[in-house]
Undergrad: 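Below is one structure. I have some questions about it.
As the structure is a prediction and not an experimental result, all values here were calculated from the model.
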Amino acid sequence: MAKCNGNYAHSIVRHDFQYGHRFMNYHEGEAQFLHGHSGYVEIEIGGEVDERTGYAYPCKEAQKLIIEIADNFHHGTLLQEGDPLIEHLLKGYEAAGIRNGVKEIDAVKPKKLDHPLVKSYPECRLSITAKVSTCENFCEMFYELLKDKLNIKKITFRSSSLNAATRCYE
């Protein structure tokens with residue numbers, strides 16, 4: 001899988017965030033209800049070790065890229081396209097004077113995501129996903145959003161101590 005030579009390595013970057021979601025078409029058990037998780041993403045970035053810096057990839061730079069995405073989900077809600085709760089949630093925010101009313105001082109406004117797998121609405125901490133927000137699909141989402149910026153070899157996503165998935169890329 002990974003190259004095994006003395007100058008090739010993986011830099012590993014981790015980030016955690018809290019989010020709420022539900023599985024729209026899951027009709028058995030609690031996953032059908034809106035609930036929260038402490039999400040944790042770990043991304044391995046492969047490359048030749050830079051003799052000057054000593055890194056395969058500078059972790060702080062990778063961290064900034066990951067946070068730019070994860071901030072859309074942090075303390076936010078993820079719902080799947082077509083979920084009837086989307087309309088109700090947006091109306092509820094409007095009724096509460098929240099939607100389109102978040103001030104910079106009140107909340108961090110992440111860079112908006114506009115990708116076939118996820119569209120975000122930072123003004124109301126809502127992200128709409130093309131697929132159900134499982135750990136496997138979080139891995140795919142992070143990969144697709146970062147693949148042009150990082151030489152990703154592996155992504156692991158954990159939504160709890162019991163639920164996790166890993167996807168490898170070569």
Side-chain angles (χ1 to χ4, degrees), residues 1-26 28-50 53-81 83 108-122 125-170:
M1 184 166 141
K3 293 180 184 178
C4 289
N5 71 47
N7 201 38
Y8 193 86
H10 287 186
S11 293
I12 301 172
V13 182
R14 299 174 178 103
H15 185 69
D16 63 343
F17 55 93
Q18 289 66 48
Y19 66 98
H21 75 152
R22 79 180 197 112
F23 293 171
M24 179 175 63
N25 295 313
Y26 190 83
E28 299 175 24
E30 61 190 29
Q32 66 185 312
F33 300 106
L34 194 57
H35 61 283
H37 287 285
S38 290
Y40 171 87
V41 64
E42 179 177 285
I43 299 179
E44 293 186 27
I45 306 154
E48 296 290 326
V49 176
D50 183 314
T53 65
Y55 293 116
Y57 192 91
C59 291
K60 289 245 183 224
E61 289 180 32
Q63 188 78 29
K64 288 177 188 175
L65 295 170
I66 293 165
I67 289 170
E68 192 173 277
I69 293 167
D71 272 356
N72 279 281
F73 311 138
H74 186 55
H75 290 174
T77 304
L78 285 88
L79 295 173
Q80 191 176 355
E81 291 173 354
D83 193 318
V108 174
K109 280 194 172 180
K111 181 179 175 184
K112 185 173 181 160
L113 300 174
D114 189 6
H115 186 277
L117 288 177
V118 61
K119 294 187 183 340
S120 66
Y121 300 87
R125 309 301 293 175
L126 176 65
S127 295
I128 309 299
T129 59
K131 299 179 179 181
V132 65
S133 52
T134 61
C135 294
E136 292 82 354
N137 289 337
F138 261 112
C139 290
E140 179 185 6
M141 201 168 16
F142 272 96
Y143 177 76
E144 289 298 324
L145 292 166
L146 291 169
K147 70 180 180 182
D148 295 332
K149 298 173 183 171
L150 300 171
N151 184 24
I152 298 170
K153 298 299 177 186
K154 180 179 173 184
I155 297 180
T156 299
F157 188 86
R158 184 190 75 219
S159 64
S160 71
S161 61
L162 300 175
N163 300 317
T166 295
R167 286 193 176 203
C168 297
Y169 305 92
E170 274 303 317

Undergrad: Does NZ or CZ of Arg22 fall inside the cone over Phe33's six-membered ring, less than 6.0 Å from its centre and within 45° of the axis?
TA: no
Undergrad: Is there side-chain contact between Arg125 and Pro110, with heavy atoms separated by less than 4.5 Å?
TA: yes
Undergrad: Find the distance between CD (Glu44) and CD1 (Ile12) and round it off to the nearest 0.5 Å.
TA: 4.0 Å
Undergrad: Salt bridge or not for Lys111 and Glu68, using N-O below 4.0 Å?
TA: yes
Undergrad: Quick one: pull up OH in Tyr55 and CD1 in Ile45 and give me the separation to the nearest 0.5 Å.
TA: 12.0 Å
Undergrad: Looking at Glu140 and Lys131, is there a salt bridge between them, counting it only when a charged N and a carboxylate O are closer than 4.0 Å?
TA: yes
Undergrad: Show your reasoning for whether side chain to side chain donor-acceptor pair (under 3.5 Å) applies to Thr166 and Thr156.
TA: CA-CA 4 Å; Thr166 295; Thr156 299; 2.9 Å; yes
Undergrad: Give the C-alpha distance, both sets of side-chain angles, the deciding distance and a yes or no for side-chain contact (heavy atoms from CB on, under 4.5 Å) between Leu126 and Ile128.
TA: CA-CA 7 Å; Leu126 176 65; Ile128 309 299; 3.9 Å; yes
Undergrad: Any sub-3.5 Å donor-acceptor pair from Asn137's side-chain atoms to Val132's backbone N or O?
TA: yes
Undergrad: Taking all atoms of both residues into account, what is the closest heavy-atom pair of Asp114 and Lys119, and its distance?
TA: OD1-NZ, 3.0 Å
Undergrad: Does Val13 form a side-chain contact (heavy atoms from CB on, under 4.5 Å) with Leu150? I'd like the steps, not just the answer.
TA: CA-CA 11 Å; Val13 182; Leu150 300 171; over 6 Å; no
Undergrad: Would you say the side chain of Glu42 lies within less than 4.5 Å of the side chain of Lys154, judging by non-hydrogen atoms?
TA: no
Undergrad: Working to the nearest 0.5 angstrom, can you tell me the gap between Asn151 CG and Leu146 CG?
TA: 12.0 Å
Undergrad: Is there a side-chain contact (heavy atoms from CB on, under 4.5 Å) between Leu79 and Thr129 once you walk through the steps?
TA: CA-CA 6 Å; Leu79 295 173; Thr129 59; over 6 Å; no
Undergrad: Relative to the ring of Phe17, is the ring of Tyr19 parallel (under 30°), tilted (30 to 60°) or perpendicular (over 60°)?
TA: tilted
Undergrad: Between Tyr169 and Tyr143 (judged by ring centroids, cut-off 6.0 Å), do the two rings come close enough to count as a pair?
TA: yes
Undergrad: For a side-chain contact (heavy atoms from CB on, under 4.5 Å) check, start with the C-alpha distance between His37 and His35, then their side-chain angles and the critical distance, and finish with the verdict.
TA: CA-CA 7 Å; His37 287 285; His35 61 283; 3.1 Å; yes
Undergrad: Any side-chain heavy atom of Ile69 within less than 4.5 Å of one from Val118?
TA: no
Undergrad: Decide side chain to side chain donor-acceptor pair (under 3.5 Å) for His15 and Gln63; before the verdict, give the C-alpha distance in whole Å, the side-chain angles of both, and the deciding distance to 0.1 Å.
TA: CA-CA 8 Å; His15 185 69; Gln63 188 78 29; 3.2 Å; yes
Undergrad: Does Lys64 have more than 12 heavy atoms from other residues, nucleotides or ligands lying within 6.0 Å of its NZ?
TA: no
Undergrad: Under 3.5 Å, is there a donor-acceptor pair between the side chain of Ser127 and the main chain of Ser120?
TA: no
Undergrad: Working to the nearest 0.5 Å, report the span between SG of Cys135 and CD1 of Ile155.
TA: 12.5 Å
Undergrad: Nearest 0.5 Å, what's the CG-CZ distance between Asp16 and Arg158?
TA: 8.0 Å
Undergrad: Measure the CD-CZ distance between Gln80 and Phe23 for me, rounded to the nearest 0.5 Å.
TA: 9.5 Å
Undergrad: Phe73 and His75: aromatic ring centres closer than 6.0 Å?
TA: no
